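All of these numbers come straight from a predicted model, not from anything done at the bench. Naming convention: chains lettered A, B, ... in sequence-line order (proteins, then strands); numbering from 1 in each chain.
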Amino acid sequence: MSNRVLPLRDALREAIQEEMQRDETVFLMGEEVAEYDGAYKVSKGLLQEFGPKRVIDTPIAELGFAGIGVGAAMNGLRPIVEFMTWNFAVLAFDQIVNNAAKTLSQSAGQFRCPIVFRGPSGSAGQLAQQHSQMFESWMSNVPGLKVISCIDPADAKGLLKSAIRDNDPICFMESELMYAHTGEVPEGEYLVPIGKAVVRRAGSDVTLVTFNKMILPTLEAADLLAQEGISAEVIDLRTIRPLDHQTIVESVKKTNRIIVVDESWPFASVASEIAYEVQKYAFDYLDAPVTRVNSADTSLPYAPTLVEAYLPNAGKIVKAVKSVLYAKA
Amino acid sequence: MTTTTQSRKKSSKSTFSKETYLHWYELMLRIRRFEERALMMYGQEKIRGFCHVYIGQEAVAAGIESAIRREDAIVTAYRQHGIALGRGCTADECMAELFGKATGVVKGKGGSMHFFSAQHRYFGGNGIVGAQIPIGTGIAFAEKYKGTDNLCVTMFGDGAARQGALYESFNMAMAWKLPVLYIVENNGYAMGTSVQRTSNVTELYTLGESFDMPSEPVDGMNPESVHEAVSRAAEHIRAGKGPYFLEVRTYRYKGHSVSDPAKYRTKEEVESYKERDPIKITENNILQNKIATEEELKAIQVKIKKEIDDSVKFAENSPYPDPSELWTDNYTQEDYPFILD
C-alpha cells in the first residue's frame with residue numbers, strides 16, 4: 001500500500017468508488033452528482049463506472065431526496081446523499097432529524113438507517129449569509145446521528161469509508177474551500193475509526209482543539225507561537241459526535257490551558273460542549289479559563305472586510321493563547 | 001341499516017370469495033373493537049400521550065390488505081393502529097404498546113403513533129405530517145433497485161396532501177417510475193380544518209394528474225371498492241409502469257385525537273357517514289347475499305371480543321420497560337459512548 005498526494009475531492013471520490021465496488025447496495029444520489037460530475041467534482045467519473053442506477057441526479061428537492069434515501073436505507077440499501085452544501089440540507093432536516101436519527105429508536109431496533117448525508121459545511125469566501133453556515137453543532141445535538149467533519153484527505157477517505165459501512169445515520173461535513181487541499185492518501189483499503197481525534201502537533205504550553213478547515217489557521221497560529229517560544233498542542237477532532245473527549249482531557253492535563261477554535265457560532269457550539277467536558281474532567285488541571293475562538297455571533301455578510309472580521313484566524317487564535325498564558329499581546 | 005345502492009350492486013358473490021368477505025369483516029371488527037377499547041383505556045389513563053383512532057376508516061385497511069401481497073411494504077402516518085393490525089400485528093402486542101409495556105410491538109418505545117414491524121413489512125406510523133411520503137417513495141426505490149416486483153403502499157391523510165414533500169415525491173417517483181402506490185385517506189379534515197379550507201383544489205386525486213400519474217377517487221367506506229382500486233393500481237405498478245395515486249374518500253367518526261371534541265363539523269354530517277358504516281355494509285352484504293350465516297358472523301364477533309379482552313389483560317400484566325432500555329436502540333453501535341452527565 002503506497003501513499004499518493006491527492007486533493008480532498010479525489011480522496012472522497014476514492015472512498016465512494018471503493019465502497020461502491022465493494023458493496024452493491026451502496027449508491028450515490030444528489031443534485032448534479034452524475035452527468036455534471038458533482039458541483040465540486042467529487043463524483044467525477046462515477047456515473048461512467050457505475051451507471052445511472054447507482055449514481056443518480058435528483059431534481060432540486062432536498063426534502064424529497066433525503067427522504068427517499070431514508071426509505072431506501074430502511075429497506076436494505078446504503079445511500080450516500082450529497083447536499084450541494086449543508087445550507088441546503090436545512091430543507092431536509094425533517095428527514096435527517098425526525099426520521100433518520102429516530103428510525104432505530106422508534107422501531108425498537110427493527111429498522112436501521114445506514115445512510116450518509118454529506119456535503120460542504122461552513123464559510124467559503126464571500127458567499128454571504130445563506131451559504132456560509134456551519135452545521136456541526138446543530139446535527140451533533142441529535143442523538144441517533146454521528147457527525148464527522150474533516151478536510152485532511154487521508155482522514156476524509158478513511159472516515160468516509162467507515163461512514164458508508166456504519167449502520168447508523170451519519171452527517172459528513174466537508175468544505176467548499178478545501179476540495180483542492182492536498183495531502184498524502186493511502187491507496188486501497190484504508191479505514192479511520194469514527195469518534196477518534198488526532199494530535200496534529202505535539203506541544204506542552206497550551207492545547208488548541210479544532211476541526212474542519214480551522215485546522216489551517218490553528219496550525220499557522222502554532223507556528224507563530226513557536227517563534228515566540230510557546231509550544232502549542234493541536235488536536236484535530238475529525239469526528240464531532242461522538243466527541244473524543246479523552247484525547248482533549250489528556251492534553252489539557254499536560255498543558256493546563258485550552259483554546260477551542262470553532263467556526264460555529266458561539267452559542268451552544270462545539271466549543272461550548274468541549275468547555276463543559278474540560279471544566280468537568282480537568283478542572284483541577286486548568287490554569288486559565290477555557291477559551292474559545294468562534295465565528296462572530298452574527299450572520300456573515302458579503303464584503304471582504306466583514307468576512308475577515310467574522311471568521312477565526314491565526315491572529316485571533318494567537319491573541320486568545322496569550323490571554324490564557326497571561327502574556328502580553 | 002341502509003347500504004348504498006352502489007355498494008349493493010357491487011356486492012355480487014362472484015366478485016369476491018366468502019373467505020375474503022369474512023376476512024374483511026373480521027379485520028374491520030378487530031380494528032373497531034381494539035380502538036373502542038383503547039379509548040376506554042385512555043379514559044382510565046392506562047394509555048397516555050397522543051392517540052388518534054381510525055374508527056370509520058376500517059374499510060381502507062381491509063381493502064388494501066386483501067389486494068396486495070404480504071411482501072409488499074406499507075408506511076403510513078400516526079392514525080395507524082388499523083394499518084398495523086391489518087398487516088398482522090397482534091392485538092396483544094398493539095395494546096401492550098399503547099400501554100407502554102415492554103411486550104409492545106416496539107417494546108413500549110413508540111406508543112400510539114409509532115408501531116413498526118419488520119416481520120410484517122410495516123415501516124411504521126410516522127408522526128410528522130407527510131414525512132412518510134418520501135420515505136415510502138424510498139422504500140419503493142429500494143424494491144426497484146433490488147429487482148423485486150414488490151410495491152410500497154404509501155398512505156397519508158388529506159392534511160399531508162398540502163405538504164411540499166408530496167410534490168417532491170410524486171415528481172421523483174414518476175421521473176424514476178418507482179413501484180409506489182400513494183393512497184390519500186381523505187377523511188375530510190386536517191385536524192380541524194376541512195379540505196375545502198386548505199386549498200383551491202379539493203378533488204385530491206387531481207393532484208397526481210399534474211405529474212401525469214394515474215389517479216382516481218375511490219369510495220373508502222366499502223372494502224370492495226378499495227380492494228378493486230388497489231388491485232387495479234397494483235397491477236399497473238407491478239407491470240413496471242410506475243406510481244399510482246388513489247384518493248380514498250372516508251370519514252373518521254371520532255375527533256382528530258382523543259382531546260378533540262370535533263366542534264368543526266355537524267352531528268348530521270357524522271351520522272350520515274355512520275349510515276354508510278363499512279362494517280355494517282359488509283355485514284349486510286354477507287347476510288343479504290347469503291355469503292355466510294348469522295351464526296358464522298356471531299362466531300367472529302365472539303372471537304374478536306375475546307381477543308380484545310385478552311389483549312387488555314396481556315397489556316395490564318406486562319411489565320414496563322426497564323429504565324436501562326433508554327440506552328438501547330439509539331445507535332446500532334453497541335459501545336456508543338453516550339454523554340452521561
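- Going from atom CD1 of A:Ile68 over to atom CD1 of B:Ile135 covers 11.0 Å, rounded to the nearest 0.5 Å.
- Interface remark: of the candidates B:Phe338, B:Phe115, B:Phe123, B:Phe123 forms the most heavy-atom pairs closer than 4.5 Å to chain A.
- By the neighbour-count criterion of 12 heavy atoms within 6.0 Å, atom CG of B:Leu326 is densely surrounded, having more than that number from other residues, nucleotides or ligands.
- The minimum heavy-atom distance linking A:Phe111 with B:Ala118 is given by the pair CZ-CA, 3.5 Å.
- For the residue pair A:Gly64 and B:Pro134, the shortest heavy atom distance occurs at O-CB, 3.6 Å.
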So which N and O atoms of chain B and chain A form donor-acceptor pairs under 3.5 Å?
| residue | atom | partner | partner atom | Å |
| --- | --- | --- | --- | --- |
| B:Val105 | O | A:Gln110 | NE2 | 3.2 |
| B:His114 | ND1 | A:Gln106 | NE2 | 3.4 |
| B:Phe116 | O | A:Gln110 | NE2 | 3.0 |
| B:Ala118 | N | A:Gln110 | OE1 | 2.9 |
| B:Arg121 | NH1 | A:Asn75 | OD1 | 3.2 |
| B:Asn126 | ND2 | A:Asn99 | OD1 | 2.8 |
| B:Ala131 | O | A:Gln95 | NE2 | 2.9 |
| B:Gly138 | O | A:Ala72 | N | 3.4 |
| B:Ile139 | O | A:Asn75 | ND2 | 2.9 |
| B:Glu143 | OE2 | A:Asn75 | ND2 | 2.9 |
| B:Tyr145 | O | A:Lys53 | NZ | 2.8 |
| B:Tyr145 | OH | A:Glu24 | O | 2.7 |
| B:Tyr145 | OH | A:Val26 | O | 3.4 |
| B:Tyr145 | OH | A:Arg54 | NE | 3.2 |
| B:Lys146 | NZ | A:Asn75 | O | 2.6 |
| B:Lys146 | NZ | A:Asn75 | OD1 | 3.4 |
| B:Glu168 | OE1 | A:Leu63 | N | 3.4 |
| B:Glu168 | OE1 | A:Gly64 | N | 2.5 |
| B:Asp329 | O | A:Ser105 | N | 3.0 |
| B:Tyr331 | OH | A:Gly144 | N | 3.0 |
| B:Tyr331 | OH | A:Leu145 | N | 3.4 |
| B:Tyr331 | OH | A:Leu145 | O | 2.6 |
| B:Tyr331 | OH | A:Arg241 | NE | 2.8 |
| B:Thr332 | N | A:Asp168 | OD1 | 2.6 |
| B:Thr332 | N | A:Asp168 | OD2 | 3.3 |
| B:Thr332 | OG1 | A:Asp168 | OD1 | 3.1 |
| B:Thr332 | OG1 | A:Asp168 | OD2 | 3.2 |
| B:Gln333 | N | A:Asp168 | OD2 | 3.4 |
| B:Gln333 | OE1 | A:Lys146 | NZ | 2.8 |
| B:Tyr336 | OH | A:Arg241 | NE | 3.2 |
| B:Asp341 | OD2 | A:Tyr281 | OH | 2.5 |

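- With sequence neighbours left out, the ring-ring contact (aromatic ring centres under 6.0 Å, His included) criterion links B:Tyr54 to no other residue.
- Residues A:Leu63 and B:Ala165 come closest through the heavy atom pair CD2-CB, 3.8 Å.
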Inset, instruction - Apply side-chain contact (heavy atoms from CB on, under 4.5 Å) to the pair A:Phe27 and B:Phe141, showing each step before the final yes or no. - result: CA-CA 12 Å; A:Phe27 70 96; B:Phe141 174 96; 3.3 Å; yes

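- For the set B:Ala131, B:Pro337, B:Gly110, B:Gly127, the entry with the most heavy-atom pairs within less than 4.5 Å of chain A is B:Ala131.
- Neither the backbone nor the side chain of B:Ile133 comes within contact range of chain A, judged by heavy atoms closer than 4.5 Å.
- Contact count against chain B (heavy-atom pairs under 4.5 Å) is highest for A:Gly144 among A:Ala72, A:Gly144, A:Gly195, A:Gly109.
- Contacts between A:Leu145 and chain B at a heavy-atom distance below 4.5 Å involve the backbone alone (N, CA, C, O).
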